[in-house]
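Encoded as structure tokens, the structure appears first; notes follow it.
Please read these numbers as outputs of a predicted model, since none were measured by experiment. Order of appearance sets the numbers: ligands from 1, and atoms from 1 within every ligand.
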Amino acid sequence: MPQPPEHPPASPALATARRAWKLLYQDSTRCIALADQALARALEDRDTLAEGWARLVRGLHLIWYSTPQTAAHELGQAEACFAALGNRPGHLLAEVGIARCLWRDAKYQESLERILPLRAEGLQVLKRDELGMLLNVIAGCYSSLGESEQAFAYMYQALHEAKPTRSNGFEVVLYCNLAHELIQLGDFHQALAYVEQGIARSHQLRNPRLLSVLLINRIICLMGLDRAPEALPDVKQLLDLPADETGRGPTNAHFETMALAALRAGDPTLGRELAARARGNCPEVDVPDEALTLVVAEAEVLRADAKLAEAAQHLQRAESMLHAADAGLSLRVRCLYHAALADACQQLGEPDRALAALREWQRCHVARGHQASRARYQAASLQTELRRLQQHLDETEARRRATEKARAELEAINQQLSQKIDEVEALKSRLERQATRDFLTGLFNRRHLNDVMPQMLAFAQREGQPLAVAIIDLDHFKSVNDRHGHVAGDTLLAAFGALLNENTRQSDVAFRFGGEEFCLLMPGSSAELAQRKVLKLLQAWRRRAFHFETGSLAANTFSAGVADSSSEAESVESLLKVADDRLLEAKRNGRNQVQSQTTPDAAPQPNVSVG
Ligand SMILES: Nc1nc2c(ncn2[C@@H]2O[C@H](COP(=O)(O)OP(=O)(O)OP(=O)(O)O)[C@@H](O)[C@H]2O)c(=O)[nH]1
């Protein structure tokens with residue numbers, strides 16, 4: 001039987017439901033007790049999975065021990081639990097159970113229509129005896145619809161699937177059902193072989209209902225093989241079996257068949273008694289095969305009492321049952337009837353009627369032979385069909401997995417790619433930064449000045465605004481390097497870069513030209529305004545003191561030349577040249593000053609030096 005899926009560790013309710021599940025065919029009484037217990041605990045613990053399995057076990061049990069409606073209701077609830085959890089095997093098994101309820105309610109076609117579409121998914125999701133259960137329900141529908149070939153094929157396949165499990169008695173159900181189909185097909189030898197296997201195994205089970213069906217099947221087989229006396233112990237064993245808790249089971253089972261066996265085994269007293277019991281149950285016997293078998297048994301009682309004419313009449317009165325449109329009679333029982341009628345007529349000395357009955361018997365017998373060979377063919381072709389379906393599903397699944405794998409690989413590649421792109425982007429901006437920035441001070445470099453200054457100048461000219469340029473050169477920087485070392489010189493350069501950044505406007509752009517030379521572009525500033533700004537920078541720079549191991553440095557100065565675009569220069573080159581000339585002039589004039597005008601004698605400008 002199917003096992004609830006492993007969800008380690010199983011909750012207490014689920015563990016109990018599992019135990020109940022295993023006992024479904026082994027011990028019906030303990031099974032239902034455990035299932036009830038599991039359900040109560042599951043509801044208390046709000047354990048939906050355990051509730052699903054407990055209800056599934058209860059539902060499957062109730063199919064046989066209550067009304068199909070009650071069972072279907074319970075299975076519907078199990079189905080809802082599994083649906084909520086997305087548990088496909090549980091859901092499918094509940095569906096299988098519901099289809100079985102329809103079958104039990106004699107809605108064979110409806111049951112078949114419900115279960116056939118589940119076949120494909122069942123092949124994928126269900127394993128071994130779980131799949132056997134599904135196939136068994138399909139077989140049951142075909143069997144009840146009189147399609148013994150299909151029934152046999154499905155039953156055979158169900159046994160093929162479930163047999164390796166051999167754990168909990170489900171295969172006994174299949175032995176029993178398969179034997180039933182073989183009986184219908186007239187293969188009593190093979191049917192008996194399955195029944196014997198089932199009976200041997202059923203001794204380890206506590207399932208009187210199942211044993212009773214097996215015994216009935218063995219009785220039918222032995223009668224079919226003209227070994228009725230051997231069936232007498234089975235009849236007696238059947239009569240000794242306890243009734244199950246619902247009153248169904250052996251007490252209500254096939255008295256007509258037992259009666260016939262007793263009569264043919266030479267025990268007319270028992271036969272008579274059993275036929276009477278069967279007739280007593282008659283209103284409940286609505287199965288055509290059982291009803292006609294009872295007529296045959298009653299005719300044999302009459303024959304045993306030497307009432308030959310009455311026996312023949314009794315049989316003939318039942319003839320209408322054979323012709324009813326929805327007779328639902330199996331060929332086996334038709335054969336039984338015609339053979340009995342032929343015998344009765346023969347004994348009565350009516351050879352014509354006996355011959356006619358024999359011809360009918362022969363017709364049914366031949367039809368049955370054809371049905372049997374078709375069934376074997378059907379079994380082989382079903383096996384092929386299911387194997388193909390399985391193969392198709394496997395291939396689809398493999399394709400799905402391959403697509404999924406390819407998609408996952410693609411995603412991984414995409415991820416790597418976007419990572420690489422990010423890396424390349426970062427590298428690119430680092431390189432760009434390196435290309436436009438001076439490494440030591442972080443200021444823009446000369447190359448960048450060449451790129452942006454023409455645009456800034458053009459913009460200023462368009463707007464009628466001045467663009468001021470200051471070229472700044474640190475004074476006596478060589479001596480800093482010489483006295484304090486190159487590292488100290490670098491420190492000063494970096495500090496000056498920071499000073500420029502901190503003390504200029506957002507719109508001002510500072511550059512390091514190289515060495516200890518800097519440039520400041522000040523959009524919207526006149527040379528005069530720029531000079532004031534640079535003087536403030538000079539003051540700030542002078543205030544900065546540096547301490548090295550070699551000594552301290554204070555009162556550092558720089559010299560600067562300032563020019564603006566509005567009055568003195570029209571082009572980038574000329575503007576830079578003017579500023580540079582003024583810087584040289586500032587140097588010449590003694591450094592530590594900002595020169596904003598070109599003086600012919602290059603005399604120091606007292607108003608602009610910071611002494
Ligand atoms: N530490 C350091 N020194 C540099 C760097 N670039 C240029 N120098 C040095 O800066 C010094 C510039 O010296 P000079 O051109 O003679 O100018 P100065 O000593 O500042 O004299 P004046 O400009 O006339 O006041 C040289 O000794 C260069 O080696 C640099 O990136 N780091």
Looking at ligand 1, does R512 have a heavy atom less than 4.0 Å from it?
yes
Which bit of L474 is near ligand 1, meaning a heavy atom under 4.0 Å away: side chain, backbone, both or neither?
backbone
Can you find a heavy atom in the side chain of F496 that is under 4.5 Å from one in the side chain of L537?
no
Can you pull out the closest protein heavy atom to atom 24 (O) of ligand 1? Residue, atom name and distance to 0.1 Å, please.
R591 NH2, 2.9 Å
Closest approach of any protein heavy atom to atom 28 (C) of ligand 1, naming residue and atom:
N481 ND2, 4.2 Å
Where ligand 1 meets D475 - atom numbers and elements under 4.0 angstrom, heavy-atom basis
20 (O), 25 (O)
Where does D473 meet ligand 1, judged by heavy-atom distances below 4.0 Å: at the side chain, the backbone, both, or neither?
side chain
I need the nearest protein heavy-atom contact for atom 15 (O) of ligand 1: residue, atom name and distance, please.
E516 OE2, 3.8 Å
Distance to the ring centre below 6.0 angstrom and angle to the axis at most 45 degrees; does that hold for R544 and W541?
no
Side chains of S559 and D475 only: does a donor on one sit below 3.5 Å from an acceptor on the other?
yes
Please check if atom CD in E423 has more than 12 non-hydrogen atoms from other residues, nucleotides or ligands closer than 6.0 Å.
yes
Within-4.5 Å side-chain heavy-atom neighbours: L440 and R512
yes
Might you work through the side chain to side chain contact (heavy atoms under 4.5 Å, CB included) test for R100 and W64, ending with a clear yes or no?
CA-CA 10 Å; R100 193 61 161 168; W64 299 105; 4.0 Å; yes
Side chain, backbone, both or neither: the part of D490 lying under 4.0 Å from ligand 1 by heavy atom:
both
Counting non-hydrogen protein atoms only, what is the nearest one to atom 23 (O) of ligand 1? Give residue, atom name and distance.
K587 NZ, 2.9 Å
Considering only heavy atoms of G489, which atoms of ligand 1 have at least one such atom less than 4.0 Å away?
1 (N)
Shortest protein heavy-atom distance from atom 18 (P) of ligand 1, along with the residue and atom involved
F477 N, 3.4 Å
Who's the nearest protein heavy-atom neighbour of atom 27 (O) of ligand 1, and how far?
K478 CG, 3.4 Å
Considering only distance and modelled atom types, tabulate donor-acceptor pairs under 3.5 Å from the side chains of residues 456-470, sequence neighbours left out.
from : atom 1 : to   : atom 2 : distance (Å)
Q461 : NE2    : E570 : O      : 2.9

So which heavy atom in the protein is nearest atom 6 (N) of ligand 1, and how far is it from that ligand atom?
G515 CA, 3.1 Å
Closest non-hydrogen protein atom to atom 25 (O) of ligand 1, residue and atom name please, with distance?
H476 N, 2.7 Å
Value for CE (M453) from CG (L521), rounded to nearest 0.5 Å, stands at 5.5 Å
Does R591 count as lying over the ring of F558, i.e. NZ or CZ under 6.0 Å from the six-ring centre, within 45 degrees of the axis?
no
